[in-house]
Colleague: 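Please read through the structure below; I'll follow up with questions.
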Amino acid sequence: MAAQKKYSDELRERATRMALDAVEAEEQRMVAIQRFAGQLDVHPEALRSWVKRAEVDAGTALGRTTRTRG
């Protein structure tokens, strides 16, 4: 049986979008991540990994996309 997710998909998407928007507005990456993590009661490391995954999937950061990871 799979473990239950601690954060909903909706929260993950919202938090990721908010952090990415702030970074695009030239806010420092970790400052934005820490601010939104605190506001949304999400662990900063979780949000950092979601942002990184979104950047890789969008092609703005190096790494294997979700599709190619299988």
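Residue numbers count from 1 along this sequence. No experiment lies behind these values; they were computed from the predicted model shown.
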Colleague: By side-chain hydrogen bond (donor to acceptor under 3.5 Å, both in side chains), which residues pair with D21, not counting sequence neighbours?
Modeller: none
Colleague: Distance-only check: which donor-acceptor pairs under 3.5 Å involve side-chain atoms of residues 31-40, not counting sequence neighbours?
Modeller:
residue : atom : partner : partner atom : Å
R35     : NE   : E27     : OE2          : 3.4
R35     : NH2  : E27     : OE1          : 2.6
R35     : NH2  : E27     : OE2          : 2.9

Colleague: Checking T66 against D57: is there a side-chain donor and acceptor pair closer than 3.5 Å?
Modeller: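 Checked: D57/T66 side chains pair up, N/O donor to acceptor below 3.5 Å.
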Colleague: For E24, enumerate each residue passing the side-chain hydrogen bond (donor to acceptor under 3.5 Å, both in side chains) test, keeping only those at least two apart in sequence or located in another chain.
Modeller: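 Result, side-chain hydrogen bond (donor to acceptor under 3.5 Å, both in side chains) vs E24: none returned.
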Colleague: Among Ile, Leu, Val, Met, Phe, Trp and Tyr joined by side-chain contacts under 4.5 Å, find the other residues sharing a cluster with V23 and list them by chain and number.
Modeller: none
Colleague: Below 4.0 angstrom, N of the basic side chain to O of the carboxylate: do K52 and E55 qualify?
Modeller: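 Between E55 and K52 there is no salt bridge, as every charged N stays at least 4.0 Å from the carboxylate O atoms.
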Colleague: Give the minimum heavy-atom separation between L20 and A54, together with the two atoms involved.
Modeller: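 Smallest heavy-atom distance, with atoms named: CD1-CB, 3.8 Å.
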Colleague: Mind checking side-chain contact (heavy atoms from CB on, under 4.5 Å) for E26 and listing every partner two or more places apart, or none if nothing turns up?
Modeller: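 For E26, no residue satisfies side-chain contact (heavy atoms from CB on, under 4.5 Å) once neighbours in sequence are set aside.
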Colleague: Under the 4.5 Å side-chain heavy-atom rule for ILVMFWY, direct or indirect, which residues accompany L62?
Modeller: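 Taking Ile, Leu, Val, Met, Phe, Trp and Tyr as members, L62 stands alone, with no cluster partners.
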Colleague: Using side-chain hydrogen bond (donor to acceptor under 3.5 Å, both in side chains) as the criterion, list what pairs up with R17, not counting sequence neighbours.
Modeller: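 Applying side-chain hydrogen bond (donor to acceptor under 3.5 Å, both in side chains) to R17 gives none.
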Colleague: side-chain contact (heavy atoms from CB on, under 4.5 Å) with A46: which residues, sequence neighbours excluded?
Modeller: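 A46 satisfies side-chain contact (heavy atoms from CB on, under 4.5 Å) with Y7, V42, H43, W50 only.
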Colleague: Measure the spacing between CG of L11 and NZ of K6 and express it to the nearest 0.5 Å.
Modeller: 11.0 Å
Colleague: Before giving the answer on side-chain contact (heavy atoms from CB on, under 4.5 Å), spell out for R53 and T16 the whole-Å C-alpha distance, their side-chain angles and the decisive distance to 0.1 Å.
Modeller: CA-CA 9 Å; R53 173 66 34 220; T16 301; over 6 Å; no
Colleague: Only counting residues at least two apart or in another chain, list the ones meeting side-chain contact (heavy atoms from CB on, under 4.5 Å) with D9.
Modeller: K5, R12, E13
Colleague: Give the minimum heavy-atom separation between V51 and A19, together with the two atoms involved.
Modeller: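 So the minimum-distance heavy-atom pair works out to CG2-CB, 3.7 Å.
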